[in-house]
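Lettering follows sequence order; numbering is per chain, from 1. Small disclaimer: the values here were computed from a predicted structure and weren't measured.
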Number of protein chains: 2
Amino acid sequence: MPRPSEPTRERIIQAASALFYNEGIRRVSVDEVAARAGLTKRTLYYHFRSKDDLVAAYLAARDQPNLALFRKWFAEADGGLPTKVEAIFRNLARSARHPKWKGCGFLRTSAELANMPGHPAIKIGAAHKKKFEDWLRTTFAAEGIADPLKLARQMLLLLDGSFAVVLLHRDASYMETAGEAARTLIEIELAGRRKRAGR
Amino acid sequence: MPRPSEPTRERIIQAASALFYNEGIRRVSVDEVAARAGLTKRTLYYHFRSKDDLVAAYLAARDQPNLALFRKWFAEADGGLPTKVEAIFRNLARSARHPKWKGCGFLRTSAELANMPGHPAIKIGAAHKKKFEDWLRTTFAAEGIADPLKLARQMLLLLDGSFAVVLLHRDASYMETAGEAARTLIEIELAGRRKRAGR
DNA sequence: TTGTGTATATTCACTGGTTGGTATACATAT
DNA sequence: ATATGTATACCAACCAGTGAATATACACAA
């Protein structure tokens, strides 16, 4: 049975994702991941050098799909910029109401591994959030926002804040409150743009 | 040596605080806590029924001091409401620049124990954040803000968002961005109040 | 003052189970 | 025959929690 290889690696990551996200990194043993993937620990260690590598791979696999989802929610929403950003929070609220939802895997991992600042998984999480911020900044800049970086970071703060608060209180309505705050902040900036354009 | 008792319990909590906050909950063993407190694990288990209880006690001990600090920063700041709230974020940024800073203990614990929704430590964390929200809501209400709860929650979202983002990126400047956003949102609400008062 | 009982506080030694990681051998495809 | 992939069995360390014994302080009685 030596053939699978690439699919095997993928299967391991899928098993790791489900377990790490649902139970936490340190709570889940390598044996458990291997068992869920339907193979032995030794095989897993053939495909990944260490548990740390596996954790990093788990987050790396979530990077693009996650960003794509945000872009999709943004693109599909009708209306102006504030409405399109607010749509992200609204869709997120819907996700967060699912019982299996347990916050943002990137943030939870960085919280759990906060004592290992250089951990590869934390780097991947930081890069992920930076990509999201960059996407927002570019989008805002295209709309003529005066300080697109500031606004993008404010959105990021509201987004990650809602991840944290909703996880703690198990009350997804905070996500809609965050969306409303995001809308308000964007409208302020848009008003500033209009004012400058009118001179 | 049977006398200490209360001081002993306190010493255990202090040892647990340092270890749990710096290394994480599941990373730290009960033996380590006991060793740091200068006693045997068995003695620790005389004062606390389980590790879960100890974790809860660790957070409970941080509840009041933490809130008191926020109130102090708010009270000591000169200026109007927006400035006083912004002062909280400014002071937090200063704390976050210390190398030993590792985010909000309440949020990190809730992230690490997200797979145990009923865990006593999570309840304490939720209560802590609720107290903070209540304090802000009361403060805003006394200033005549029209929707003090909404504004308080927006502040909470920015605060916890900055905890999460700063922990991930190790860049405390996000905290000042959050303070600026907080100021903006408060000023909007104050403008609304003035408008209504002018009728 | 001295002896004694008792609740409180603490220690030593232990258990049953888990953990990340590995040495070695074996199977398959080319 | 060689590189790739998988399995069995194992290790040394660690971990939450416990059983049994013991030490101390203090209340009370003689």
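At the phosphate of C/dT11, OP1 or OP2 sits under 4.0 Å from a side-chain N or O atom of B/T40. Look at B/T8 and you'll find a side-chain N or O under 4.0 angstrom from OP1 or OP2 of C/dT10. Within the 4.0 Å cut-off from OP1 or OP2 of C/dT8, not a single side-chain nitrogen or oxygen of B/H47 is found.
In this structure, A/F48 atom CZ and C/dT22 atom C1' are separated by 18 Å, rounded to whole Å. If you take OH of A/Y46 and C1' of C/dA27, they are 13 Å apart, rounded to a whole angstrom. For A/L39 and C/dC26, the CG to P distance is 21 Å, given to the nearest whole Å.
A salt bridge is absent between B/R90 and B/E76: the closest approach of a Lys/Arg side-chain nitrogen to an acidic carboxylate oxygen does not fall below 4.0 angstrom. The pair B/D134-B/K131 fails the salt-bridge criterion, with no side-chain N (NZ, NE, NH1 or NH2) lying under 4.0 Å from an Asp/Glu carboxylate O. B/E133 and B/R137 are not joined by a salt bridge, as no carboxylate oxygen comes within less than 4.0 angstrom of a charged side-chain nitrogen.
Judged by distance alone, the side chain of B/E187 and the main-chain N or O of B/P82 form no donor-acceptor pair under 3.5 Å.
Side-chain N/O atoms of A/D52 and A/S50 include no donor and acceptor closer than 3.5 Å.
Here the options are B/K41, B/K51, B/R36, the test is salt bridge (Lys or Arg N to Asp or Glu O under 4.0 Å), and the partner is B/D31; only B/K41 passes.
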Can you check each nucleotide of nucleotides 14-19 of chain D against protein heavy atoms at under 4.0 Å and return B for base, S for sugar-phosphate only, - for none, in 5' to 3' order?
-> -SBBBB
